[in-house]
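Because the structure is a prediction, the values reported are computed rather than measured.
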Amino acid sequence: MSIRFGVCTTFDKIPALIDAGYDYLEFGFGNLVKMTEEEFAEAKATVEKYNFKAEAYNGFFPGEIRITGPDVDYDRITAHTEKGMARAAQLGGKVTVVGSGKSRNVPDGFSFDEAYAQFAKVLGIVGDVAAKYGITVVVEPLQTKETNLINTVAEGIEIVKKVGKPNVKCLADFYHVYRNGETLDALRNSNGRLGHLHLARANDDRAMPYEEDIPTVKEWAKAVKECGYDGRLSLEGGYKPEFDECIIRTREILKAFE
């Protein structure tokens, strides 16, 4: 299997993704859950019309659903997950990203160890629900400005080990890797625990790479190949100066991963 390439965007952009040579759409899981039945039916019809699936999902938990701290409601977490996974499966879903930095941020004065255990439990719950639909769950390490829990790929891999479920893995987002000052060694040593990739430049506007970024992208691609990863890679960030032009330009640069 070779790496499949996708873009984090909305269903109306599917024709542009097809024209630019992408393989799938990545959509917001929380937004999927919030869709009315009519909106979901429209999304499903679009997927079927173009035979182009929404294989990946980010934005798992909205900020009002806490997954650490004193106000965690596991029943609500499970219900949210069940509804979203059932819908994602109908749209061709294969991987869901649990980033949700606001939801998982350890509150001031709350035990870090307890929050870590809560997050691991939530990942286990999400993993069990996802397994019923053949979907992989990946925890997303985020830069320290976005959360104080699981910031590096190395930390993501450790909590994946703790959860201990075959369909719960780690995501590597090159933007966050570089914003945190992490090397690519964790990717190289991920030992099959890498389940998804996100890509954007590590600059303030989180744009997609330009021609001058090709040497850096080749370094990323080399690390990915060295660890034997052959899953999905999604663009996630700013599409400048214009969406269609940007994804065409970036698709050429992504050939480094092929």
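- When the side-chain contact (heavy atoms from CB on, under 4.5 Å) test is applied to Glu158, the partners found at least two apart in sequence or on another chain are Tyr116, Lys161.
- Here Arg87 pairs with Glu37 in a salt bridge; the nearest charged N to carboxylate O distance falls below 4.0 Å.
- The pair Arg76-Glu82 does not count as a salt bridge, with every side-chain nitrogen at least 4.0 angstrom from each carboxylate oxygen.
- Between Asp204 and Arg179 a salt bridge is recorded (basic side-chain N to carboxylate O distance below 4.0 Å).
- Applying the under-4.5 Å side-chain rule to Ile, Leu, Val, Met, Phe, Trp and Tyr, the cluster around Val95 extends to Val97, Val138, Leu171.
- Rounding to the nearest 0.5 Å gives a distance of 10.5 Å between CG of Asp128 and CE of Met85.
- Ion pairing of Arg201 with Asp213 is present here, as a side-chain N (NZ or NE/NH1/NH2) and a carboxylate O approach within less than 4.0 Å.
- Apart from Tyr175 itself, the hydrophobic cluster it occupies contains nothing, where clustering links Ile, Leu, Val, Met, Phe, Trp and Tyr at side-chain heavy-atom distances under 4.5 Å.
- For the residue pair His176/Arg206, the side-chain donor-acceptor check at 3.5 Å is satisfied.
- Residues Arg188 and Ser190 have side chains that never bring a donor and an acceptor to within less than 3.5 angstrom of each other.
- Under a cutoff of 6.0 Å and an axis angle of 45°, Arg249 and Tyr210 form a cation-pi pair.
- A distance of 9.5 Å separates CZ of Arg193 from NZ of Lys169, quoted to the nearest 0.5 Å.
- Side-chain atoms of Ser111 and Asp113 form no donor-acceptor pair, as typed in the model, at a separation below 3.5 Å.
- Between Phe174 and Trp220, the two ring planes are parallel [angle under 30°; tilted spans 30° to 60°].
- In this structure, Phe257 and Phe5 have perpendicular ring planes: the angle between them is above 60°, well past the 30° mark.
- Note on ring orientation: taking the six-membered ring where Trp is involved, the planes of Tyr57 and Phe29 are perpendicular (angle over 60°, cut-offs 30° and 60°).
- Within the model, atoms CZ of Phe11 and CG of Leu32 stand 6.5 Å from one another, a figure rounded to the nearest 0.5 Å.
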